Amino acid sequence: MRAPVRAVRGGWPAAWERRAPRLFRTDPRVLLEEDPSAEDFRAVMSIIHVGETIKITQADRHAPADALLRDHLDLAGATVVDIGASDGSTSVDLVAKLPDLGSYVIADLYLELSAVEVGRHVVLFDPHGTCVLVAGRRLVGWPSLSRVVRVLAAPLVARARRRPARPVLLLGPAARRLVREDPRVTTRVHDVFQPWTGPAPDVVKVANLLRRLYFGDEDIRRALRVLFAGLPEGGHLLVVDNPRVPGIDVRGGLYRRSGDCFVPVAQTEHPPEIADLIASPELVRG
Ligand SMILES: C[S@@+](CC[C@H](N)C(=O)[O-])C[C@H]1O[C@@H](n2cnc3c(N)ncnc32)[C@H](O)[C@@H]1O
């Protein structure tokens with residue numbers, strides 16, 4: 001982001017907002033609301049930077065890649081783990097398409113942030129205590145992305161650190177409803193670089209997390225080896241990305257753990273960005 005500060009929608013004359021909409025962002029304080037609209041919630045997700053990544057997501061963005069699961073696997077009673085699921089919008093889509101599913105885990109390293117209100121400002125911290133966003137009535141800024149913003153926001157952030165924080169669940173309204181109403185669906189904080197310790201998954205889905213815009217190849221390989229180790233023989237990995245490439249909405253690849261490598265099972269018209277790393281015979285053998 002070239003200028004890590006933006007104007008907050010509703011905080012300035014409407015004519016300015018109409019004239020330069022790209023400079024405006026949805027007020028992040030909607031995260032503190034009891035019942036935010038799905039649209040506002042998703043808009044705020046798209047401006048939250050955590051670790052190396054952004055929480056950007058959207059419903060109905062994986063359909064052709066998700067179809068690989070339905071078309072090639074029998075998932076009756078299966079356990080699916082969705083790592084890096086963000087607000088769960090795409091998890092809600094997939095669960096709806098797999099009626100016979102046994103269980104579905106919506107997993108993300110950043111399922112929750114801490115929010116502190118200081119006057120009219122809100123300061124958001126990630127679970128490691130890093131300040132990821134500050135917002136007032138008029139401006140929103142990203143201290144973790146800019147030294148200048150960090151310095152300017154330092155007094156506010158220091159005050160926030162001395163006050164009690166409240167947890168902010170980063171699950172969207174539809175995913176919250178699903179978790180409440182469908183006992184097969186649960187959430188879990190999980191780091192894709194760490195071994196999976198829950199019940200062995202039959203399928204692991206990783207979408208828009210192991211991307212070259214976020215991580216180097218060595219880190220992606222490291223995560224892939226951990227995913228491989230967490231799957232039983234015959235288990236599957238679904239990798240999905242939505243590239244900003246004209247004419248390509250989504251790319252997906254389905255891989256089976258077989259012996260000491262991932263074997264490609266099926267892919268969308270275009271393979272996922274990291275297909276070369278996944279199918280490399282050296283991935284696991286080193
Ligand atoms: C771009 S979003 C992808 C959301 C969704 N899968 C999709 O495709 O629409 C990336 C997500 O990965 C999560 N994430 C970042 N680092 C992670 C890690 N080390 N382990 C697990 N999740 C992580 C972020 O919190 C964020 O929700």
Side-chain angles (χ1 to χ4, degrees), residues 1 28 31 38 41-69 80-97 104-114 124-128 130 132-133 142 144-145 167-172 174-176 178 185 187-198 201 203-216 218-227 230 237-244 248-253 268 272-274:
M1 186 180 296
L31 292 181
F41 198 88
R42 208 149 32 237
V44 176
M45 285 296 104
S46 71
I47 62 167
I48 296 196
H49 295 248
V50 280
E52 314 297 319
T53 68
I54 312 178
K55 292 207 69 82
I56 190 165
T57 189
Q58 196 183 319
D60 206 21
R61 69 192 310 219
H62 295 162
D66 285 347
L68 299 175
L69 291 178
V80 177
V81 174
D82 185 352
I83 302 178
S86 190
D87 77 356
S89 299
T90 56
S91 312
V92 172
D93 291 339
L94 184 52
V95 170
K97 288 174 198 154
Y104 194 100
V105 186
I106 301 174
D108 198 290
L109 182 55
Y110 302 96
L111 267 185
E112 217 175 78
L113 295 179
S114 305
L124 296 178
F125 296 96
D126 76 10
H128 313 295
T130 303
V132 295
L133 188 142
W142 292 265
S144 56
L145 301 186
V168 173
L169 182 62
L170 297 183
L171 218 53
R176 287 183 202 199
L178 182 65
V185 183
T187 60
R188 182 164 176 158
V189 173
H190 177 68
D191 183 347
V192 75
F193 294 102
Q194 297 300 321
W196 180 255
T197 53
V203 175
V204 172
K205 174 177 174 181
V206 184
N208 294 302
L209 168 55
L210 298 178
R211 298 288 315 270
R212 285 177 163 130
L213 76 158
Y214 297 143
F215 301 106
E218 209 26 68
D219 280 340
I220 294 174
R221 275 195 206 95
R222 190 158 59 86
L224 288 171
R225 284 189 205 109
V226 171
L227 293 170
L237 172 69
L238 177 67
V239 172
V240 183
D241 64 67
N242 297 87
R244 291 191 180 168
I248 305 180
D249 285 339
V250 62
R251 306 182 287 203
T268 52
E273 178 187 38
I274 59 166

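We count ligands from 1, going down the list as the structure has it; atoms in each ligand are counted the same way. In this text, all values refer to a predicted model and were calculated from it rather than measured experimentally.
Within the 3.5 Å criterion, the main-chain N or O of G252 finds a donor-acceptor partner in the side chain of T268.
T53 OG1, 3.1 Å is the protein heavy atom nearest to atom 15 (C) of ligand 1. For atom 2 (S) of ligand 1, the nearest protein heavy atom (residue, atom name, distance) is I54 O, 3.2 Å. Summary of contacts: the protein heavy atom closest to atom 8 (O) of ligand 1 is N208 ND2, 2.7 Å. The single protein non-hydrogen atom nearest to atom 5 (C) of ligand 1 is G84 O, 3.4 Å, given as residue, atom name and distance. Considering only non-hydrogen protein atoms, atom 27 (O) of ligand 1 sits nearest to D108 OD2, 2.6 Å. Counting protein heavy atoms only, atom 20 (N) of ligand 1 is closest to V192 N, 2.9 Å. L109 N, 3.3 Å is the protein heavy atom nearest to atom 22 (N) of ligand 1.
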What do the steps show when you test R211 against E273 for salt bridge (charged side-chain N to carboxylate O under 4.0 Å, His left out), and what is the final call? CA-CA 7 Å; R211 298 288 315 270; E273 178 187 38; 2.7 Å; yes
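Of all non-hydrogen atoms in L224 and L237, the two that sit nearest each other are CD2-CD2, 4.0 Å. The nearest pair of heavy atoms linking I56 to R244 is CD1-NH2, 4.1 Å. Between L111 and V189, the closest heavy-atom pair is CD1-N, 4.0 Å. Shortest non-hydrogen contact noted between Y214 and I54 is OH-N, 3.7 Å. Taking both residues in full, the closest heavy atoms of A207 and H62 are given as CB-CE1, 3.3 Å, listed atom of the first, atom of the second, then distance.
In terms of polar-atom proximity, defined here as any N/O pair under 3.5 Å, A207 does make such a contact with ligand 1. Where the criterion is an N or O separation shorter than 3.5 Å, residue side chain and backbone included, R61 meets it with respect to ligand 1. Residue T57 places at least one N or O, backbone or side chain, under 3.5 Å from an N or O of ligand 1.
Here D191 has heavy atoms under 4.0 Å from ligand 1 in both its backbone and its side chain. Only the side chain of Y214 comes within contact range of ligand 1, with a heavy atom under 4.0 Å; no backbone atom does. Contacts with ligand 1 closer than 4.0 Å are made by side-chain heavy atoms of L209 only, the backbone lying farther away.
In this structure, K205 has no heavy atom closer than 4.0 Å to ligand 1.
Within the listing of ligand 1, atoms 1 (C), 2 (S), 3 (C), 4 (C) sit less than 4.0 angstrom from a heavy atom of I56. For ligand 1 and H190, the ligand atoms under 4.0 Å from any heavy atom of the residue are 20 (N), 21 (C). Those atoms of ligand 1 that come under 4.0 Å of a heavy atom in S86, given as number and element, are 4 (C), 27 (O). Applying the 4.0 Å criterion to heavy atoms of T90 picks out, from ligand 1, the atoms 9 (O).
Annotation: salt bridge (Lys or Arg N to Asp or Glu O under 4.0 Å) contacts involving residues 44-58, sequence neighbours excluded, comprise K55-D108.
No side-chain N or O of R42 forms a donor-acceptor pair with one of S86 less than 3.5 Å apart.
Annotation: side chain to side chain donor-acceptor pair (under 3.5 Å) contacts of D82 (sequence neighbours excluded): S91, Y104.
A 4.5 Å side-chain heavy-atom check between F125 and L113 finds every atom pair outside the cut-off.
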